[in-house]
J.: 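First the structure, which I've put down as structure tokens, then a few questions once you've had a look.
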There are 2 protein chains.
Amino acid sequence: MAESEIDHESATPVYRQIAARVIADIEHGVLPVDRRIPSESDMVKRYGVARDTARNAVAYLRDQGYVHTVPHRGTFVLDRSKATEAE
Amino acid sequence: MAESEIDHESATPVYRQIAARVIADIEHGVLPVDRRIPSESDMVKRYGVARDTARNAVAYLRDQGYVHTVPHRGTFVLDRSKATEAE
DNA sequence: CTGCATTTGTGCGTATGTATG
DNA sequence: ACATACATACGCACAAATGCA
């Protein structure tokens, strides 16, 4: 389903829209635990956004406990089954 | 914890409060001439303010002749001993 | 070991929109 | 109208670490 384009007019920030896609891929198993999610550059190319925005999306995912970033290697899906979230 | 927190209720703008700290560090030699002052990101993290506010603080410091900014490098302490201020 | 591509880290420049006092 | 402040978003440049041929 490619009905998913970034909507710059939406009230939902672009970085949240991108994060939502990654989350969906995680939830649907497209991105299993330990799998590397698309790099910032990938997001820039795929969605035509600024790197800043891609970084924001990744930061958000990290914030939500979905992934963890390894410097210079990438950002990987975390195992949330036994997550210890504080919300 | 820090005795020096930003006071959002103060009549003194947040950016001026932050600038005042940097100035104090300069005056006290904590930040010697040519030393890079905390980046905008640092200020954002340390004081929990928006980048816009951090930028305002730096702009103010520049305005007062305390520092000079080198694009993509950082903002550095100026030698004011022989300052040529226009005031 | 060397060179190169990839990827994240860092830092500033700029602009827009929103909200408050 | 204006200053202050926050959030978002695009752009540019360079550094540093990693991985692999």
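Quick caveat, the model's predicted, so the values are computed rather than measured. Side-chain atoms are counted along with the backbone in the values below, which use heavy atoms only and exclude waters and symmetry mates.
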J.: B:Ile37 CD1 to C:dG11 C1': how many Å, rounded?
T.: 12 Å

J.: Please list, chain by chain and in numerical order, all residues satisfying salt bridge (charged side-chain N to carboxylate O under 4.0 Å, His left out) with A:Asp42, sequence neighbours excluded.
T.: A:Arg36

J.: Residues two or more places apart in sequence or in another chain: which of them pass side-chain hydrogen bond (donor to acceptor under 3.5 Å, both in side chains) with B:Tyr66?
T.: none

J.: When the nearest nucleotide of DNA chain D is assigned to B:Val14 and to A:Arg16 on a heavy-atom basis, which residue is associated with the more 5' position?
T.: B:Val14

J.: What is the separation between atom CD on A:Glu40 and atom P on D:dA16, rounded to the nearest whole Å?
T.: 18 Å

J.: Tell me every residue that passes side-chain hydrogen bond (donor to acceptor under 3.5 Å, both in side chains) with A:Arg46, counting only those two or more places apart in sequence or in another chain.
T.: none

J.: CG of A:Asp7 versus C1' of D:dA9: gap in Å, rounded?
T.: 14 Å

J.: Shorter than 3.5 Å, N or O on both sides, protein versus nucleotides 19-21 of chain C: list them out with atom names.
T.:
none

J.: Please list, by residue number, the residues of residues 51-61 of chain A whose heavy atoms come closer than 4.0 Å to an atom of DNA chain D; answer none if no residue qualifies.
T.: A:Arg51, A:Asp52, A:Thr53

J.: Protein-nucleotides 19-21 of chain D N/O pairs closer than 3.5 Å?
T.:
from, atom 1, to, atom 2, distance (Å)
D:dG19, OP1, A:Arg73, NE, 2.6

J.: Take the protein atom CZ of B:Phe76 and the nucleotide atom C1' of C:dT10, then report the distance between them rounded to whole Å.
T.: 12 Å

J.: Give a yes/no answer on whether the side chain of A:Tyr15 brings an N or O atom under 4.0 Å of OP1 or OP2 in D:dA9.
T.: no

J.: Not counting sequence neighbours, which residues clear side chain to side chain contact (heavy atoms under 4.5 Å, CB included) with A:His72? List them please.
T.: none

J.: Using whole Å, report how far CD1 of A:Ile18 lies from P of D:dT8.
T.: 13 Å

J.: Quick one: label A:Arg36 by what it contacts on the DNA or RNA (base, sugar-phosphate, nothing), any heavy atom closer than 4.0 Å.
T.: sugar-phosphate

J.: Working to the nearest 0.5 angstrom, can you tell me the gap between A:Leu78 CG and A:Asp34 CG?
T.: 8.5 Å

J.: Using heavy atoms to find the nearest nucleotide of DNA chain D for B:Gly48 and A:Val49 separately, return the residue whose nucleotide is more 5′.
T.: B:Gly48

J.: The side chain of B:Ser39 lies closest to which of these nucleotides: C:dT7, C:dC12, D:dG11?
T.: C:dC12

J.: Identify, with sequence neighbours excluded, every residue that meets side chain to side chain contact (heavy atoms under 4.5 Å, CB included) alongside B:Ser41.
T.: B:Ser39

J.: Kindly say if B:Thr75 contacts the phosphate of C:dC12, meaning a side-chain N or O under 4.0 Å from OP1 or OP2.
T.: yes

J.: Taking the side chain as every heavy atom from C-beta outward, state whether A:Leu61 and A:Thr75 have any atom pair closer than 4.5 Å.
T.: no

J.: Among D:dA9, C:dG11, D:dC10, which nucleotide sits nearest the side chain of A:Ala50?
T.: D:dC10

J.: Could you tell me the separation between the OH atom of A:Tyr47 and the C1' atom of D:dC10, rounded to a whole number of Å?
T.: 18 Å

J.: I need the CZ-C1' distance between B:Arg35 and C:dG11, as an integer number of Å.
T.: 18 Å

J.: Applying salt bridge (charged side-chain N to carboxylate O under 4.0 Å, His left out), name anything that partners B:Arg51, two or more places apart in sequence or on another chain.
T.: B:Glu40

J.: Only counting residues at least two apart or in another chain, list the ones meeting side-chain hydrogen bond (donor to acceptor under 3.5 Å, both in side chains) with B:Thr53.
T.: none

J.: Listing request: all side chain to side chain donor-acceptor pair (under 3.5 Å) pairs with a residue in residues 8-20 of chain B, at least two apart in sequence or in separate chains.
T.: B:Arg16-B:Tyr60

J.: Would you kindly give the CE-to-P distance between A:Met43 and C:dT6, to the nearest whole Å?
T.: 17 Å

J.: Considering every strand shown, what is the Watson-Crick or G-U wobble mate of C:dG9 when both distances are under 3.5 Å?
T.: D:dC14

J.: Hey, does B:Arg21 have a side-chain heavy atom less than 4.5 Å from the side chain of B:Ile6?
T.: yes

J.: For B:Val70, which fellow cluster members are found when Ile, Leu, Val, Met, Phe, Trp and Tyr are connected by side-chain heavy-atom distances below 4.5 angstrom, either directly or through intermediates?
T.: B:Phe76

